[in-house]
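Have a look at the structure below before the remarks.
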Protein chains: 2
Amino acid sequence: MESLDRQILALLAHDGRMSYTDIGRETGLSTSAAQQRVRRLEQRGVIKGYRAVIDPASIGAMLTAFVQIQPFAADQPDDTPELVSHIPQIVSCYSVAGETSYLLKVQAGNTVELEHLLAEIRAAGKVSTNTTVVLSIPYEERSMLPEPHSARLSNGRATEAEPDVAG
Amino acid sequence: MESLDRQILALLAHDGRMSYTDIGRETGLSTSAAQQRVRRLEQRGVIKGYRAVIDPASIGAMLTAFVQIQPFAADQPDDTPELVSHIPQIVSCYSVAGETSYLLKVQAGNTVELEHLLAEIRAAGKVSTNTTVVLSIPYEERSMLPEPHSARLSNGRATEAEPDVAG
DNA sequence: TCTGAAATTGTTTGTGG
DNA sequence: CCACAAACAATTTCAGA
């Protein structure tokens, strides 16, 4: 019976401000049943929050880049994420396997600002950096869940055996 | 006067379901003025949408990875993003400068599924891949905008000369 | 571009199955 | 876990500045 929850997650991933009334309509539930399910998904931590998606260029972030990070001292306590987390231009921080230790996604207004930002990261994190500039973004942070078609044509059966929504 | 818009963007980046009533309270505007500003930000494309943030593990995505992509044929029309966009596990696609042409962020349930996913990407996109597995995510997709403190202590003046919100 | 008020719509809670 | 209905709260629209 959890394809209902997946359906709700897909709807809210696509439109985080959709009303419970509309969620109910789309899923065939009453408003209050829809609201109860959403509340349970929030309490279980399945829904971690809601965000407005903001056009980066509109807030002066013309440049996006990925920065591969290698700490200088391999024996030191490795707290790179905390050392650089105060820098607002760092929007994501991933600990990764492979040739480097961390991968950061950063945003800057222009190349000069990016240059300063990289210097700041190297200084604050005691790391070396290897930066890849993003040229364009065909798509970003889509939901893995199938896009909800407004018209209810198909049944809710999953096409393959997949794990149910877990809390 | 656009520090008001930046403040609203910061609030909605942090909580995409915040009510216009609360936005008005935080910014010192009336409810309808807050709503009008949000509507204008949406119409100008500054706010591109709203999303629920979903815990990946809850929908069976235990593994996140970054896949560097190199097309086989350098002379072919390069439509890699379209060739692979139908694969739901690819959540982001970046065109990048540097040694490779594209960077994908992907999600899979386990290593075997990741292996199949990479084979699918190589086949669909006519590309070679170089994959970096994510071990943990200290933080992800934060807003560059300053986090709104609920208590109104500071004035709205920017600390540096920054571009105003543009449409 | 704002306020304030009125009309509409959505949310929340309780009762009961 | 669901539906229904009543009480409450938010949204939307409009007049006026």
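Letters go in sequence order (proteins before strands), and every chain restarts at 1.
In this structure, of D:dA3, C:dT3, C:dT12, it is C:dT12 that holds the atom nearest to the side chain of A:T31. Here the side chain of B:L29 is nearest to one of C:dT3, D:dA10, D:dC2, namely C:dT3. Nearest nucleotide to the side chain of A:Y20, out of D:dA3, D:dT11, C:dT12: C:dT12. Comparing atom distances between the A:Q36 side chain and each of D:dC2, D:dT11, C:dT3 picks out D:dC2 as nearest. Minimum atom distance to the side chain of B:S32 is reached by D:dT13, of the listed D:dA10, D:dT13, C:dT11.
In A:E115, the CD atom is not crowded: 12 or fewer heavy atoms of neighbouring residues, nucleotides or ligands sit closer than 6.0 Å. B:Q43 CD: more than 12 foreign heavy atoms inside a 6.0 Å radius.
In this structure, A:Q35 does not reach the C:dT11 phosphate: none of its side-chain N or O atoms is under 4.0 Å from OP1 or OP2. Put simply, B:T21 has a side-chain N or O that comes within less than 4.0 Å of OP1 or OP2 on D:dT11.
The CE-C1' distance, from B:M18 to C:dT11, rounds to 17 Å in whole Å. Separating the CZ atom of B:R37 from the C1' atom of D:dT11 is a distance of 19 Å, rounded to the nearest angstrom. Look at CZ on A:R17: it is 7 Å from P on D:dT11, rounded to the nearest Å. Atoms CG (A:L4) and P (D:dC1) sit 11 Å apart, rounded to a whole Å.
The residues A:E141 and B:K105 are annotated as salt-bridged, a charged nitrogen and a carboxylate oxygen being separated by less than 4.0 angstrom.
With a 4.5 Å cut-off on side-chain heavy atoms, B:V133 and B:L114 count as touching.
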Starting from the C-alpha separation in whole Å, work towards a yes-or-no answer on side chain to side chain donor-acceptor pair (under 3.5 Å) for A:D78 and A:T80. CA-CA 6 Å; A:D78 186 0; A:T80 303; 2.9 Å; yes

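Within 4.0 Å of A:A33, counting heavy atoms only, lie sugar-phosphate atoms of the nucleic acid but no base atom. If you check every strand for non-hydrogen atoms under 4.0 Å, B:R40 touches sugar and phosphate atoms only.
Sequence order on DNA chain D of the closest nucleotides to A:A34 and B:R39 puts A:A34 first from the 5' end.
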